[in-house]
Amino acid sequence: MKSVVEALLSQTIDTLKQQGVLAEDVSPRINLSNTKDKSHGDFACNIAMMLAKPAGMNPRALAEKIIEQMPKDPRISDTQIAGPGFINFFVDDSWLEKQVSLALADEHIGIKRTQAPQNIVVDYSSPNLAKEMHVGHLRSSIIGDAVVRALEFQGHNVIRQNHVGDWGTQFGMLLAYMEEQQNNGEALDLADLEGFYRASKGRFDESEAFANRARELVVSLQSGDEYCNKLWAEFNSISLEHCLELYKRLGVSLTAKDVRGESAYNNDLQSIVDALKEANLLTESNGALCVFLDEFINKEGEPLPIIVQKSGGGFLYATSDLAAIRYRAQQLNADRVLYFVDQRQALHFNQVFALAHKAGFASDQTSLEHLGFGTMNGADGKPFKTRSGGTVKLVDLLDEAEERAIALVRSKNPDMSEQELEQIGKVVGISAVKYADLSKDRARDYIFNFDQMLSFEGNTAPYLMYAYTRVASIFDKANLDMNSIQGDVKLDAEKEKDLANKLMQFPEILERISQRGQPHTLCSYIYEVAGLFSSFYEHCPILSAETEEQKMSRLRLAALTGKTIKQGLNLLGIETLERM
RNA sequence: GCGCUUGUAGCUCAGCUGGAUAGAGUACCUGGCUACGAACCAGGUGGUCGUAGGUUCGACUCCUACCAAGCGCACCA
């Protein structure tokens, strides 16, 4: 709906240019905002105030001119000048009613597919296969996945890339320990990956011979030794299985085919260095091959290096990241590459992106974007740890969330069967963890709190899921199908209009997510929808409405609400329940 | 030392790239179940938007300086 008004305004600006009221070269960004106060109409525009100065007019006079020249449109019932020069638009009720009916009839609930689909590579999750996934991987996995789903829903071609850490010095240690166990005739037990890592680290620290063997194995591995690679592949496939299980449990859409780890670029690394050399970007410094870019200066104003090859000949993560960029830009034809990686790597990505563009690994048309996120902290504001100060395993976190959720659901439903309790509790627990994270601006650190995320009050997953079950329950009672109901809607009560207006804002919310990669705006939106629905539900009887027509109209509005909440949560990777 | 991120109600967080009187939830107080699910709704108390300047019709938002917290800055990723 907003886009209709924007188009009208844009057309009016052109008219005013032709009339010479506005200069030809002004091209203002038309900024239409949703009003907070109903007396300001449905949309407000500040364009007259922006253009007043260049046009040499006072803002209110210009606003008047704009209104005068704007084509009359039956969808707009009134336009008014307010305050210093705002133009307020009042939407015609019948247009709003029509839009609700259309959205209800549309299988995509009124969200148009983008006219310009892009190839968007999204790099997210990317755990280190040497260890078990821990809480540090949670944010990347679920925020990335939410954005991926939103982009796909809009019609973009998304290419998931799970850039797992499956290469590097620590693998020597792991392989040496695997070898030792096999030589001792012990069965290989990788069920407890974390324990395995600790044990091999222990052997590495206590035995010189073991440590030497570990270093040997790294060299063999990297030079393509068959025996080593077999051990390595065995280890990785088991470790990857652990990840895939967690994705499944978390509702993260990554699969085995999305994995393209660091090792995939192993054979490209030398050619990356060669290309940099050819481009005259390479400098030797203290035996290492580096690139110095003018934009990046260190302390004392000295240039900051990007090291691409160690003095010993080994390559670094900057090298494989460059190789990955080249692959994504040139093989995958990416228009955008999004990286959901910890904020602490911002400098690294800034450097690598600048270099990739300079060296031509990615053209200037390829947008490389680091969408960083902050740290997950405990109640004390310090990084989330176990009581003993260790890293929290993701499995343990999810186990606890489920246990707490089951207890919570049980307390609300004393008569529910154990089986149903468990099934519902699991969904609620996982959803609560995901939603708590997704609902906060990713750039900030956030405080992880089980009690808060599992509360039914406030902006939480349980509240939204509850709101959905209330909608579902109405249709259950009316013996109707929420997904197939269609028809005209008549908006009489204020609560109905408020809800309908909010429902119509779904497209612009999605647009923002795809542009900025911030799922928390979708969370706020669904929360607002749920809140307006609760209010509508309280004040407008549905099943016992005064007339059959009103009842059907309200049912349709409720149906679109239910579908919107469900779709919204689905884009966040959160399931809905019909009962809870 | 240089750089990045963050600073908004007691607490947890929004604030739509400069708009109208800074918003939610929580906590606290008040009211509403013989009721489509009260896991809810309606209302109230609570703010020098870290500090100080600047830019302009207008600043939580942009610029500068400072303060505080977290994190990065040469062969780990």
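Just so it is clear: chains get the letters A, B, ... in the order the sequence lines come, proteins before strands, and each one is counted from 1.
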*Do the side chain of A/N413 and the base of B/A39 come within less than 3.5 angstrom through a donor-acceptor pair of N or O atoms?*
yes
*Assess whether atom CD of A/Q515 is packed by more than 12 heavy atoms of other residues, nucleotides or ligands within 6.0 Å.*
yes
*Report yes if at least one side-chain N or O of A/N31 is closer than 4.0 Å to OP1 or OP2 of B/G18; otherwise report no.*
no
*Any salt bridge between A/D451 and A/R404, counting N to O under 4.0 Å?*
yes
*Give none if B/C28 has no partner; otherwise give the nucleotide forming a Watson-Crick or G-U wobble pair with it, both distances under 3.5 Å.*
B/G44
*Assess the pair A/Y339 and A/F353: is the distance between their ring centroids shorter than 6.0 Å?*
yes
*Would you say a side-chain N or O of A/S535 is under 4.0 Å from OP1 or OP2 of B/C41?*
no
_Whole angstroms only, please: what is the CZ-P distance between A/F533 and B/A42?_
13 Å
_Short side-chain donor-acceptor distance under 3.5 Å, A/Q154 and A/E511_ = yes
*Does A/S524 put a side-chain nitrogen or oxygen below 4.0 Å from OP1 or OP2 of B/G15?*
no
_5'-most by nearest nucleotide on RNA chain B - A/N46 or A/M416_ = A/N46
*Provide the distance between the two P atoms, one in B/C62 and one in B/C73, to the nearest whole Å.*
27 Å
*Whole Å only: how far is the CG atom of A/D437 from the P atom of B/U12?*
16 Å
_Any A/K382 side-chain N or O less than 4.0 Å from OP1/OP2 of B/A69_ = no
_Under 3.5 Å on both distances, the Watson-Crick or G-U partner of B/C66_ = B/G50
_Is it the case that B/A35 (base atoms only) and A/S544 (side chain only) share a donor and an acceptor within less than 3.5 Å, ignoring hydrogens and angles?_
no
*Would A/R579 and A/E420 pass as an ion pair if we require N to O under 4.0 Å?*
yes
*The side chain of A/Y466 lies closest to which of these nucleotides: B/A39, B/G15, B/G32?*
B/A39
*Nearest-neighbour nucleotide for the A/M49 side chain, B/C57, B/G18, B/A39 considered*: B/C57
_Distance check needed: B/C13 C1' versus A/D451 CG, whole Å only._
17 Å
*Pairing partner of B/G3 (Watson-Crick or G-U wobble, both distances under 3.5 Å)*: B/C71
*Looking at the side chain of A/I307, which of B/C13, B/A74, B/G19 is the nearest nucleotide?*
B/A74
*Within this structure, what is the CG-to-C1' distance between A/L32 and B/U17, rounded to whole angstrom?*
16 Å
*asked:* What is the separation between atom NZ on A/K440 and atom C1' on B/G25, rounded to the nearest whole Å?
replied: 11 Å
*Describe the nucleic acid contact of A/T169 in one word from base, sugar-phosphate, nothing, applying a heavy-atom distance below 4.0 Å.*
nothing
*5' priority, RNA chain B, between A/A82 and A/F536 [closest heavy atom]*: A/A82
*Mutual orientation of the aromatic rings belonging to A/W232 and A/F171 [parallel < 30°, tilted 30-60°, perpendicular > 60°]*: perpendicular
_Need the pair for B/U34. Rule: Watson-Crick or G-U wobble, both distances under 3.5 Å, any strand; none if unpaired._
none
_Sugar-phosphate only, base, or nothing, as touched by A/C523 at under 4.0 Å among non-hydrogen atoms_ = nothing
*Assign B/U17 to syn or anti; the rule is syn for a glycosidic angle within 90° of 0 and anti otherwise.*
syn
*Are A/H520 and the base of B/A14 stacked, counting only ring centres nearer than 5.5 Å and planes tilted under 30°?*
no
*With a centroid cutoff of 5.5 Å and a plane-angle limit of 30°, would you call A/F86 stacked on B/A20?*
yes
*Is A/S320 touching bases, backbone alone, or none of the nucleic acid, heavy atoms closer than 4.0 Å?*
nothing
*From the options B/U17, B/C13, B/A20, select the nucleotide whose nearest atom is closest to the side chain of A/R444.*
B/C13
*Could you point out which residue of A/Q161, A/R328, A/H370 forms a side-chain hydrogen bond (donor to acceptor under 3.5 Å, both in side chains) with A/D123?*
A/R328
*asked:* Please pick, from B/C76, B/C16, B/U12, the nucleotide with the shortest atom-to-atom distance to any side-chain atom of A/K310.
replied: B/C76
*asked:* When you measure from the centre of the six-membered ring of A/Y124, is the NZ or CZ of A/R139 closer than 6.0 Å and no more than 45° off the axis?
replied: no
*Of the nucleotides B/C75, B/U21, B/A14, which one has an atom closest to the side chain of A/D37?*
B/U21
*So which nucleotide from B/A42, B/C40, B/C13 ends up closest to the side chain of A/E457?*
B/C40
*OP1 or OP2 of B/A38 sitting under 4.0 Å from any side-chain N/O of A/R470?*
yes
_Rounded distance in Å between the P positions of B/C33 and B/U17_ = 43 Å
*Side-chain N or O of A/Y463 less than 4.0 angstrom from OP1 or OP2 on B/C41?*
yes
*asked:* Using a 4.0 Å heavy-atom cut-off, does A/K36 contact any base of the nucleic acid, only the sugar-phosphate backbone, or nothing at all?
replied: base
*Using a cut-off of less than 4.0 Å, is there contact between a side-chain N or O of A/K53 and OP1 or OP2 of B/C57?*
yes
_The side chain of A/K495 is closest to which nucleotide in this list: B/C40, B/C16, B/A42?_
B/A42
